[in-house]
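The next block holds one structure in the form of structure tokens; read it before the comments.
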Amino acid sequence: MLTIAAYVFCAACFIGPLTLFVLIYRLNSHPLRSFPGPWAARFTDGYAGVPAIQKRLHLITYRDHLRYGPVVRQAPNRLVFNTVTALHDIYLHSRTTKSENYLKSLLSTNKPSMFNALDRAQHRQKRRAVGQLLTERSMRIFGPTMELQIDIFLRQLLQASQQSKFANMTTRCQRLATDIVGHLAFGYPLNTQTAETNAVIPAGMKRTSYRISVYLAWPAITFVDPVVQWFGRREISKFYAALKKMVEFRMGMPKDAAHDLYAVASGDMTPNGEKGLQGTDLWSEASFFVIAGGTTVTTLMSAVFFYVSRHPDVYERLASEIRTTFSSSISITGGPELNSCKYLRAVIDETLRVAPPTTATPWRTEDIYSSSLPSSDEPFIIDGHIIPRGTAVGVSLYSLHHNLVYFPEPFEFRPERWLGPENDEVINMRRAFAPFALGDRGCAGKAMAYLETSLTVAKTLWYFDFETAPGELGKVGGGTPGTKDGREKVDEYQLYDTFTADHDGPNLVFRPRANFWRKLEEGSA
Ligand code: HEM
């Protein structure tokens, strides 16, 4: 009988040469060997995986572009680009789909959602069904529900100001965005703004997004997921229990009782005559929806408050636009007047540029998964490079949005850059601006994100003046001078890469304007 030592010896004899073979192959014969990049990235996904665990992969990617140029090999089979040509070649290409590592985001449900379906036909059916809920027309129907939640947000700010307390805008915006998306997905009042009962939902969203981020960057490490789940089992079971409660609540209501995912996208046929989502498909879609719509808008709103509070000139111009465009709080609603606020739109776009809420690189690959796409012998070319089959390609939105070639003084927050005459420089800038990605896998919720953020910012500036909290509290959210890890810029809102970003602050102090606050107290905002 073999002893344990003999087993170990046999394994070593097999694994040793195999590892050596893989290393030599990756160094000398791998089809991506001529692309520049750090040495470790040739051998292991761990090169990106470790900073993903540290929530700073977007900063490492930015640094690597400065070191190695516009295309960097970030993992044995992954190339990240930093040009506008690559952006368009990748995301508007007729033969790309999401890369295989997105399957690692299936996690517990094992049912692909619109986010991680690789097959085109499957994705198209989901996108058509879900997309109906996110059109501008649908947003007009949903608008009043959204505004009721924003009123609660404003009343909470009023309360904080009356009690001379500061407000941490990450927490406030996160709860607001969660409550809004809860209504849109499940027609369910999560009430995280006013009660702690469902606070597990935003916390669960953050945790899930982080796990997805790490597993996307380092797919092989997914084997630790059962251990991660075991350690977080209490929170995870609370999170799923809260989701289950929402589902059961909604199923107990008539289908047309709310304007939500269930009403608009489920059933054999949707109201638009599309094939609808069925049973469990619907709920894997809805769970993803809560994360996609909740975490991203949270980042956008918090970052707007960060930048506006630190730029008095921007603050003055924005406040003046809102306070002269509208005649009352009731008139601040979705429509032509809100759309006429060009400076507000420039502030939001500049925020999306400097602090893109999706910090992860949205990876794509040549589509070999869709039965509906005939195979092709055409080379797959990105930015002039022939890309071998099986390679994941992508653009880091954080890097591209800080690329000097397109955005002069890239770390300066200057909304005015979006308002200049349409010259070549501005056209180039617009082509390089892609916070929602591009193409048929780009964001489905763009109209909702602009509406929700515009309403929240405009209404806040109608009722309040605000400034950063005094002392150390006011520094939360910015960088720390002297650090050498890419987080040294005091005036840059610090994003922690968890696929969608995590962050803290800003801490702001609010002062009600004149007597407008009475309307808030009366509940007739
Ligand atoms: C500022 C806010 C937002 C930003 C910056 C943003 C950004 C993005 C990006 C970059 C993607 C592509 C991700 C990838 O390829 O992996 C995406 C996809 C998606 N987003 Fe958003 N998003 C925002 C808000 C929303 C909202 C409010 C919703 C809906 C409630 C939403 C729903 C979706 C969906 C369903 C997809 C998947 C689309 C598909 O694969 O067909 N997003 N988003």
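In each ligand, atom 1 is the first atom listed, and ligand 1 is the first ligand listed.
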Any side-chain heavy-atom pair of Phe306 and His503 under 4.5 Å: no
Side chain, backbone, both or neither: the part of His123 lying under 4.0 Å from ligand 1 by heavy atom: side chain
Ligand 1 atoms in contact with Val297 (distance to a heavy atom under 4.0 Å): 27 (C)
N/O separation below 3.5 Å, Arg127 to ligand 1: yes
Atom indices of ligand 1, in the order listed, that fall short of 4.0 Å to a heavy atom of Tyr102: 14 (C), 15 (O), 16 (O)
Selection from Gly293, Pro356, Ala185 by shortest heavy-atom distance to atom 27 (C) of ligand 1: Gly293
Between Thr333 and Glu147, a side-chain donor and acceptor under 3.5 Å: yes
Ligand 1 versus Pro357: contacting region, heavy-atom distance under 4.0 Å: side chain
Subset of ligand 1 atoms that lie under 4.0 Å from at least one heavy atom of Ala437: 10 (C)
Modelled atom types, side-chain donor and acceptor of Thr192 and Asn198, under 3.5 Å: no
Atom 12 (C) of ligand 1 - nearest protein heavy atom and its distance: Arg441 O, 3.8 Å
Six-ring centre of Phe433, Arg353 cation under 6.0 angstrom, axis tolerance 45°: no
Test item, Lys98 contacting ligand 1 (heavy atom, 4.0 angstrom): yes
Plane angle bin for Phe499 and Tyr102 - parallel if under 30°, tilted between 30 and 60°, otherwise perpendicular: perpendicular
Ligand-residue contact atoms, ligand 1 with Phe289, heavy atoms, under 4.0 Å: 30 (C)
Close side-chain approach of Phe153 to Thr460, heavy-atom, < 4.5 Å: yes
Contact atoms of ligand 1, heavy-atom distance to Phe115 under 4.0 Å: 16 (O)
Proximity flag Lys446 to ligand 1, non-hydrogen atoms under 4.0 Å: no
Geometric class of the Tyr188/Phe249 ring pair [parallel <30°, tilted 30-60°, perpendicular >60°]: perpendicular
Arg345 to Trp418 six-membered ring, cation-pi geometry met (6.0 Å, 45°): no
Proximity winner for atom 23 (C) of ligand 1, if only heavy atoms of Thr296, Ile212, Asp440 are counted: Thr296
Proximal ligand 1 atoms for Pro435, defined as those under 4.0 Å from one of its heavy atoms: 5 (C), 7 (C), 10 (C)
Proximal atoms of ligand 1 relative to Gly442 (non-hydrogen, under 4.0 Å): 38 (C)
Arg487 charged N/C atom sitting above Tyr496 aromatic ring, 6.0 Å / 45°: yes
Proximity to ligand 1 by part of Arg364, non-hydrogen separation under 4.0 Å: side chain
Heavy-atom nearest neighbour of atom 21 (Fe) of ligand 1 within options Ala117, Ala449, Cys443: Cys443
Thr365-Glu100 side chain donor-acceptor pair, cut-off 3.5 Å: no
Among Leu495, Leu352, Leu397, Thr500, side chain to side chain contact (heavy atoms under 4.5 Å, CB included) partner for Pro357: Leu352
Nearest option to atom 34 (C) of ligand 1, as decided by whichever heavy atom of Phe288, Phe499, Tyr450 sits closest: Phe288
CG on Leu134 to CG on Leu261, rounded to 0.5 Å: 8.5 Å
Residue-ligand contact Lys126/ligand 1, heavy atom below 4.0 Å: no
Of Arg120, Arg441, Lys98, Arg95, the residue whose pairing with Asp367 passes salt bridge (Lys or Arg N to Asp or Glu O under 4.0 Å): Arg120
Per-atom contacts of ligand 1 with Pro362, taking only distances under 4.0 Å to non-hydrogen atoms: 14 (C), 15 (O)
Polar atom proximity, Met114 to ligand 1 (N or O, under 3.5 Å): yes
